[in-house]
Amino acid sequence: MRLTITQRLEAQLRLALLGDCGCEQTIATLSQAAQANGMTWAEIDSALSGRSFEARTDAAIAYACAIKSGNSVALDLARTRAARLEIGTDELAAVAHAARRILMESET
């Protein structure tokens, strides 16, 4: 099963990458978008903590968060975990692209 950047995964990445902003309005907007993509409040809370209940999505979120942090050790660990879950380099590249886009959009 391929890991693709669906609207649901995009919502989870947004929550994980931007949920630490401290802005209630931003978190509310992100949460509403996540609900519109079928996420439950438990899934939203999990994503805000940089996690997912699904292993492959959790690995993708960890990879995206490692990119945001710039921590090379966390990035290597996330890549290793993704490989164990058979997430390929092209899939990780798509996650990296989405993460960088989300972070760039948040700066504007």
Side-chain angles (χ1 to χ4, degrees):
M1 176 188 343
R2 288 191 49 82
L3 179 73
T4 57
I5 307 298
T6 62
Q7 288 181 331
R8 183 180 177 84
L9 178 54
E10 172 99 10
Q12 289 172 302
L13 290 172
R14 285 185 181 282
L15 287 163
L17 294 170
L18 306 177
D20 63 352
C21 67
C23 173
E24 289 182 31
Q25 180 60 42
T26 298
I27 293 171
T29 300
L30 294 170
S31 297
Q32 288 171 350
Q35 281 186 300
N37 283 297
M39 291 176 63
T40 66
W41 280 110
E43 291 171 315
I44 291 168
D45 285 341
S46 183
L48 284 168
S49 299
R51 302 255 182 242
S52 172
F53 296 125
E54 199 275 314
R56 291 170 54 84
T57 301
D58 191 59
I61 290 170
Y63 184 67
C65 289
I67 289 170
K68 178 183 177 183
S69 75
N71 181 326
S72 61
V73 173
L75 200 53
D76 287 342
L77 289 171
R79 276 192 198 108
T80 300
R81 181 170 174 222
R84 277 186 273 147
L85 293 168
E86 299 181 3
I87 298 172
T89 56
D90 57 335
E91 294 163 299
L92 284 181
V95 171
H97 178 74
R100 289 184 183 108
R101 179 180 41 76
I102 290 165
L103 292 169
M104 227 177 355
E105 289 171 0
S106 74
E107 293 175 359
T108 58

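These figures come from a predicted structure and were not determined experimentally. Sequential numbering from 1 along the given sequence is applied to the chain's residues.
The minimum heavy-atom distance linking Ala62 with Arg81 is given by the pair CB-NH1, 4.2 Å. For the pair Cys65 and Gly50, the tightest heavy-atom approach, listed with the atom from each and the gap, is SG-CA, 4.5 Å. The nearest pair of heavy atoms linking Ala64 to Val95 is CB-CG1, 4.2 Å. What you find for Arg56 and Arg2 is that their closest heavy atoms are NH2-C, 3.6 Å. Contact record, Cys21 with Ile27: SG-CG1, 4.3 Å, taken as the closest heavy-atom pair.
Met104 belongs to no multi-residue hydrophobic cluster, having no ILVMFWY side-chain contact under 4.5 Å with any other such residue.
By the 6.0 Å contact criterion, CD on Glu54 is enclosed, its count of non-hydrogen atoms from other residues, nucleotides or ligands being greater than 12. At most 12 non-hydrogen atoms from other residues, nucleotides or ligands lie less than 6.0 angstrom from CZ of Arg51.
With a 4.5 Å cut-off on side-chain heavy atoms, Asn37 and Gln12 do not count as touching. Inter-residue side-chain proximity for Asn71 and Leu75 is flagged as unmet; no heavy-atom pair is nearer than 4.5 Å. Under the 4.5 Å side-chain criterion, counting only non-hydrogen atoms from C-beta, Leu3 is in contact with Leu9. Contact check for Asp76 versus Arg79: side-chain heavy atoms found under the 4.5 Å cut-off. Residues Gln35 and Trp41 meet the side-chain proximity criterion, which asks for heavy atoms closer than 4.5 Å. Put simply, the side chain of Ile5 does not reach to within 4.5 Å of the side chain of Glu91, judged on heavy atoms.
Under 3.5 Å, the side chains of Thr29 and Gln25 contain a donor-acceptor pair of N or O atoms.
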Intermediate values then yes/no, side-chain contact (heavy atoms from CB on, under 4.5 Å), Arg14 and Glu105: CA-CA 10 Å; Arg14 285 185 181 282; Glu105 289 171 0; 2.8 Å; yes
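A side chain to side chain contact (heavy atoms under 4.5 Å, CB included) with Ser52 is found for one member of Ile61, Leu15, Leu13 and no other, namely Ile61.
Atom CD1 of Ile87 and atom CG of Leu92 lie 6.0 Å apart (nearest 0.5 Å).
Between Asp20 and Lys68 there is a salt bridge, since a side-chain N of the basic residue sits under 4.0 Å from a carboxylate O of the acidic one.
Proximity of a side-chain donor or acceptor of Thr57 to a complementary backbone N or O of Phe53 within less than 3.5 Å is not detected.
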